[in-house]
Amino acid sequence: MRVRGYVPLLLLLSAIWGASYLFIKVAVRELEPTAMVELRLLFAAPILVGFLVVRHGARRAFGELRAAVVPGLVLGAINIALPFVLIAWGERHVDSGVAAIANATVPIFNLVFALRFQPSERVTGLRLWGVLVGLAGTGMLVGIHPRGGWWAVAGTMAVVVASISYAGGGIFGQRQTARIAGPVLAAASIVCGTVLLLPLALLQLPSHAPGWKSLGSVAALGIAGTGIAQLFLFRMLRLHGSVRTSLVTYLLPPIALLYGVLLLGEPLTAQELGGMILILLGVALGSGVVRLARRAPAAQTP
């Protein structure tokens with residue numbers, strides 16, 4: 001039963017997050033990155049706060065949010081506002097599929113940060129090779145003579161910096177979940193990210209009303225890609241654990257590439273495929289999935 005419930009949740013979350021890169025690409029055609037992200041967060045915040053209110057009641061929900069203001073501000077900056085804006089800016093210069101592949105480096109940088117901030121988490125042997133292979137894939141993705149010129153390099157590197165920011169936020173958030181419930185931390189970070197980004201967003205408001213495609217894409221990003229996806233994420237974490245949930249990382253790049261090719265007409269190059277294979281191989285080695293795959297048959301033996 002747990003396996004049957006796990007696969008639909010994994011595929012659903014992958015489909016939602018994979019489509020996020022497509023929606024970002026459409027939205028930034030008419031909206032500046034900061035304004036687009038601010039609208040995205042304004043759509044997402046009521047969903048997450050409303051979930052807490054329904055679950056715990058208004059008094060307790062807002063009390064928990066007030067208690068989580070400090071970690072919410074940190075995560076709102078490094079796990080929400082900064083990476084969201086960097087990815088949006090990057091997608092002005094690279095295809096949505098390229099952005100998804102570059103963003104798949106998050107687990108690689110998680111391992112790099114673990115060397116400094118989690119000494120007990122040893123990164124040796126296959127895990128160290130995973131870091132090196134993943135970084136090589138990033139280099140291949142950027143390329144020596146990239147399609148789109150040096151603006152494409154800048155766009156890809158912006159997404160890579162966003163991945164570094166996500167990795168730092170992930171380690172900080174993991175420590176905070178020991179004392180703050182995941183949904184509370186998610187809601188607090190979204191609300192704080194909205195507040196932090198508001199001044200910049202007001203400076204970059206569009207001079208004319210965006211079209212329905214851009215506004216619809218932002219609504220989809222906020223409601224599905226941020227609000228609802230966060231609820232699915234924490235449900236998966238509670239039912240199936242962080243290791244099995246992290247496998248969504250492997251599905252996002254191919255799904256995003258498929259969306260980009262079929263719906264946006266983006267080309268698919270050998271350089272992109274090679275970079276994706278190396279990055280996902282690095283993630284597989286670094287996260288220990290290779291060892292998990294070898295143990296799986298024994299776990300199924302009655």
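The shortest distance between side-chain heavy atoms of L9 and L13 does not fall below 4.5 Å. Put simply, the side chain of L86 does not reach to within 4.5 Å of the side chain of V159, judged on heavy atoms. In this structure the side chain of I108 never reaches within 4.5 angstrom of the side chain of S163, judged on heavy atoms. A heavy-atom distance below 4.5 Å is not found between the side chains of I80 and L75.
Note: F84 and Y166 have perpendicular aromatic rings, judged against thresholds of 30 and 60 degrees for the angle between ring planes.
At distances below 3.5 Å, at least one donor-acceptor pair connects side-chain atoms of S217 with backbone N or O atoms of K213. In this structure a side-chain-to-backbone donor-acceptor pair under 3.5 Å is missing from K25 to S20. A donor-acceptor pair under 3.5 Å is absent between the side-chain atoms of W17 and the main chain of L252, judged by distance alone. With Q176 contributing its side chain and L185 its backbone, the two residues share no donor-acceptor pair below 3.5 Å.
Rounded to the nearest 0.5 angstrom, L65 CG and I190 CD1 are separated by 12.0 Å. Between the CG atom in L197 and the CG atom in L202 there is a gap of 9.5 Å [rounded to 0.5 Å]. The distance from atom CG of L215 to atom CD of E30, rounded to the nearest 0.5 Å, is 7.5 Å. Rounding to the nearest 0.5 angstrom, the gap separating the OG1 atom in T34 from the CD atom in Q204 is 3.0 Å. For the atom pair CG (L196) and CD1 (I78), the distance works out to 11.5 Å, reported to the nearest 0.5 Å. Of the inter-residue distances, the one linking T194 atom OG1 with F43 atom CZ reads 12.0 Å to the nearest 0.5 angstrom.
In the hydrophobic cluster analysis, where Ile, Leu, Val, Met, Phe, Trp and Tyr join through side-chain heavy atoms closer than 4.5 angstrom, V74 is grouped apart from V161. By the rule that hydrophobic residues join a cluster once side-chain heavy atoms approach within less than 4.5 Å of another member, L263 and V261 end up as members of one cluster. Linking ILVMFWY residues whenever their side-chain heavy atoms come closer than 4.5 Å, directly or via other members, leaves V49 and V69 in distinct clusters. Both L264 and F23 are members of a single hydrophobic cluster when ILVMFWY side chains are connected at heavy-atom separations under 4.5 Å. Placement of L82 and F172 in two distinct hydrophobic clusters is found when ILVMFWY residues are connected by side-chain heavy-atom separations under 4.5 Å, directly or transitively.
Considering all non-hydrogen atoms of both residues, A68 and I180 come closest at CB-CD1, 4.1 Å. A pairwise comparison of heavy atoms in G72 and C192 identifies O-CB, 3.4 Å as the closest pair. For the pair R179 and P71, the tightest heavy-atom approach, listed with the atom from each and the gap, is NH2-CG, 3.9 Å. Pairing each heavy atom of P206 with each of L31, the nearest pair is CG-CD2, 3.8 Å. Contact record, S214 with A27: OG-O, 3.9 Å, taken as the closest heavy-atom pair. Pairing each heavy atom of I47 with each of I228, the nearest pair is CG2-N, 4.3 Å.
For the residue pair N79/S189, the side-chain donor-acceptor check at 3.5 Å is not satisfied. Side-chain atoms of Y21 and N103 form a donor-acceptor pair, as typed in the model, at a separation below 3.5 Å. For the 3.5 Å distance criterion, the side chains of T226 and R40 qualify, holding a donor opposite an acceptor. Side-chain contact annotation: S96 with E91, donor-acceptor N/O pair under 3.5 Å absent.
Under 4.0 Å is where a charged nitrogen must lie from a carboxylate oxygen, and between E32 and R92 at least one such pair does.
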### Task
May I have the step-by-step check of side chain to side chain contact (heavy atoms under 4.5 Å, CB included) for L221 and M36, ending in yes or no?
CA-CA 10 Å; L221 278 169; M36 186 276 287; 3.8 Å; yes

### Task
List the steps and the verdict of side chain to side chain contact (heavy atoms under 4.5 Å, CB included) for F62 and L52.
CA-CA 8 Å; F62 287 108; L52 293 178; over 6 Å; no

#### Entry: Stepwise side chain to side chain contact (heavy atoms under 4.5 Å, CB included) check, V153 with T156
CA-CA 5 Å; V153 174; T156 304; 5.9 Å; no

### Residue pair L257, D95: steps toward the side chain to side chain contact (heavy atoms under 4.5 Å, CB included) verdict
CA-CA 9 Å; L257 281 173; D95 292 340; over 6 Å; no

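For the side-chain contact (heavy atoms from CB on, under 4.5 Å) with V218, the lone residue among L39, V28, I24 that qualifies is L39. Of the residues listed (V248, L251, I16), the one engaging L11 in a side-chain contact (heavy atoms from CB on, under 4.5 Å) is L251, and it is the only one.
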